[in-house]
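Everything on this sheet refers to the single structure shown next.
Numbers restart at 1 for each chain; the letters A, B, ... are given by sequence-line order, proteins then strands. Remember, predicted model here, so these are calculated numbers, not experimental data.
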There are 2 protein chains.
Amino acid sequence: MQASTSPAGRPRSDLNADVFAATLRSVHEFGYAGATMDRIAVAAGVAKTTLYRRWPSKGALITACLVDVFGPAPVVSEDREELLTTAIRWGAAKIAEAGVGAAFAGVFTDAVSDPGLREILSTELQAPYLRVLQYALGESEQRVRFVIDVIIGTLLHRMGISGEPMAEDDVEALIAMVLGVFR
Amino acid sequence: MQASTSPAGRPRSDLNADVFAATLRSVHEFGYAGATMDRIAVAAGVAKTTLYRRWPSKGALITACLVDVFGPAPVVSEDREELLTTAIRWGAAKIAEAGVGAAFAGVFTDAVSDPGLREILSTELQAPYLRVLQYALGESEQRVRFVIDVIIGTLLHRMGISGEPMAEDDVEALIAMVLGVFR
DNA sequence: TTAATTACGCTACTTCCGGTAGCGTAATCG
DNA sequence: CGATTACGCTACCGGAAGTAGCGTAATTAA
């Protein structure tokens with residue numbers, strides 16, 4: 001392949017970080033629908049057309065933000081209980097600290113009526129984590145999917161739709177509940 | 001008050017049922033965003049302006065559909081375990097049979113950036129059930145809200161966003177999980 | 001230096017959708 | 001019959017996603 005033989009032409013400016021920050025700020029402040037592409041562009045100090053040169057749609061841009069926030073799945077343990085505990089704490093903390101609950105929930109809802117976005121969301125954001133969990137849990141796919149839906153569903157409903165952070169107690173309660181499934 | 005002294009003027013046609021059916025069909029088929037007011041109006045054989053005469057917004061219309069589907073909260077028991085069990089089974093069945101998962105999730109997401117809709121949603125759809133549960137569970141408000149968020153979040157994430165029905169097994173697993181919280 | 005190439009900003013535009021205005025007409029009550 | 005309210009219809013407004021095309025900036029290859 002040898003892809004990095006610096007292509008001819010003007011290189012892309014280093015503005016992804018600014019765009020991601022502006023996007024998440026906008027979503028946090030105005031909600032998913034209220035965070036318009038025009039507004040994001042202005043907030044990032046970038047032309048709207050530039051956004052569309054890099055990401056095919058608003059949903060794709062916000063998904064890219066989420067991928068940027070969460071980064072690679074942290075495989076912290078081979079032990080099932082420890083893995084689940086850490087994963088849930090990690091997910092809740094990430095969502096809360098970055099304030100991406102609304103962004104998350106909005107993208108999911110958009111994806112219902114947008115197959116292209118569903119594809120992006122699935123491959124870029126969900127698949128890596130699913131693979132890690134399914135491998136580590138070593139359970140039937142149905143069981144794993146159920147657990148994932150409980151975790152994601154609960155976190156999103158609380159922090160995305162209700163917009164409130166999740167108390168320590170509640171995170172621990174969620175962990176205890178999920179661990180109970182495997183007993 | 002004496003409200004029912006038949007007012008002068010042409011009475012409203014009996015078309016709520018048709019509109020609700022057309023709305024839910026549209027949302028089920030095209031997703032929340034894809035179910036446009038024009039489409040709903042055509043599907044129901046009604047003028048779009050008539051929709052806006054009866055419901056102030058798309059979100060309000062869909063909320064009305066949900067209220068119509070769910071009806072009054074069934075207070076089936078004073079026993080905590082029995083109440084939760086029945087409530088979860090009832091909710092899952094209602095959502096599945098009416099195919100209102102996407103509608104539900106869409107309204108919630110819309111409400112994030114629409115205070116008016118949030119108000120409608122809260123008073124007309126959520127409040128009655130919350131009151132029943134909080135009374136019956138007799139727990140701290142935090143505990144009750146946590147349980148509700150787990151139940152609603154899980155059901156919506158599975159049946160609204162993923163769009164898949166929930167298997168018997170999973171409903172029972174959810175019930176077992178929730179009951180475990182109170183031990 | 002120059003030509004080719006790619007990225008960016010800008011303005012203007014199209015399309016679609018939620019929601020509104022206003023008119024003519026239909027149905028009901030007194 | 002008149003007053004009143006509901007409905008259908010057409011036309012429209014405003015906003016937001018996404019696109020087209022131009023001039024210009026930054027880089028590489030010759």
Is the ring centre of Phe104(A) less than 6.0 Å from the ring centre of Tyr32(A)? no
Could you check how far CG of Leu117(A) sits from P of dA17(D), rounded to whole Å? 14 Å
Can you say whether the rings of Phe108(A) and His157(B) are parallel (under 30°), tilted (30 to 60°) or perpendicular (over 60°)? perpendicular
Nearest of dT5(C), dT20(C), dG9(C) to any side-chain atom of Lys48(B)? dT20(C)
Could you state the CZ-P distance from Arg10(A) to dA25(D), rounded to the nearest angstrom? 9 Å
Asp114(B) CG to dG15(D) C1', straight-line distance once rounded to whole Å: 15 Å
Take the protein atom CZ of Phe30(A) and the nucleotide atom P of dG15(D), then report the distance between them rounded to whole Å. 15 Å
What nucleotide among dC8(C), dG18(D), dA26(D) has an atom nearest to a side-chain atom of Ser57(A)? dG18(D)
Closest nucleotide among dC8(C), dT20(C), dA26(D) to the Pro11(A) side chain: dA26(D)
Against the side chain of Arg53(A), the closest entry in dC10(C), dC7(D), dG18(C) is dC10(C)
Considering only NZ, NE, NH1 and NH2 on the basic side and carboxylate oxygens on the acidic side, decide whether Asp170(A) and Arg158(A) come within less than 4.0 Å. yes
Atom CH2 of Trp55(A) and atom P of dG18(D): how far apart are they, to the nearest Å? 14 Å
Output yes when at least one side-chain N/O atom of Thr50(A) is less than 4.0 Å from OP1 or OP2 of dG9(C), else no. yes
Distance check needed: dG15(D) P versus Met37(B) CE, whole Å only. 19 Å
From CG of Asp38(A) across to P of dT19(D) the rounded distance in Å is 14 Å
Hey, what bend do you get for the helix from dT1(C)-dA30(D) to dG30(C)-dC1(D) if you fit axes on five pairs at each end, rounded to 10°? 10°
At what distance, to the nearest 0.5 angstrom, does CD of Glu81(B) lie from CG of Leu83(B)? 11.0 Å
Greater than 12 external heavy atoms within 6.0 Å of Glu97(B)'s CD: yes
Establish, with yes or no, whether the OP1 or OP2 oxygen of dA7(C) is under 4.0 angstrom from a side-chain nitrogen or oxygen of Ser13(A). no
Closest-nucleotide ordering on DNA chain D, the 5'-leading residue of Thr49(A) and Arg39(A): Arg39(A)
Taking OH in Tyr135(A) as the centre, count heavy atoms belonging to other residues, nucleotides or ligands within less than 6.0 Å. Is the count above 12? no
Taking it one step at a time, do Arg145(A) and Glu164(B) satisfy salt bridge (Lys or Arg N to Asp or Glu O under 4.0 Å)? CA-CA 12 Å; Arg145(A) 293 217 38 208; Glu164(B) 295 165 28; 3.2 Å; yes
Of the candidates dG9(C), dG18(D), dC8(C), the side chain of Arg54(A) sits closest to dC8(C)
CG of Leu15(B) versus C1' of dA27(C): gap in Å, rounded? 14 Å
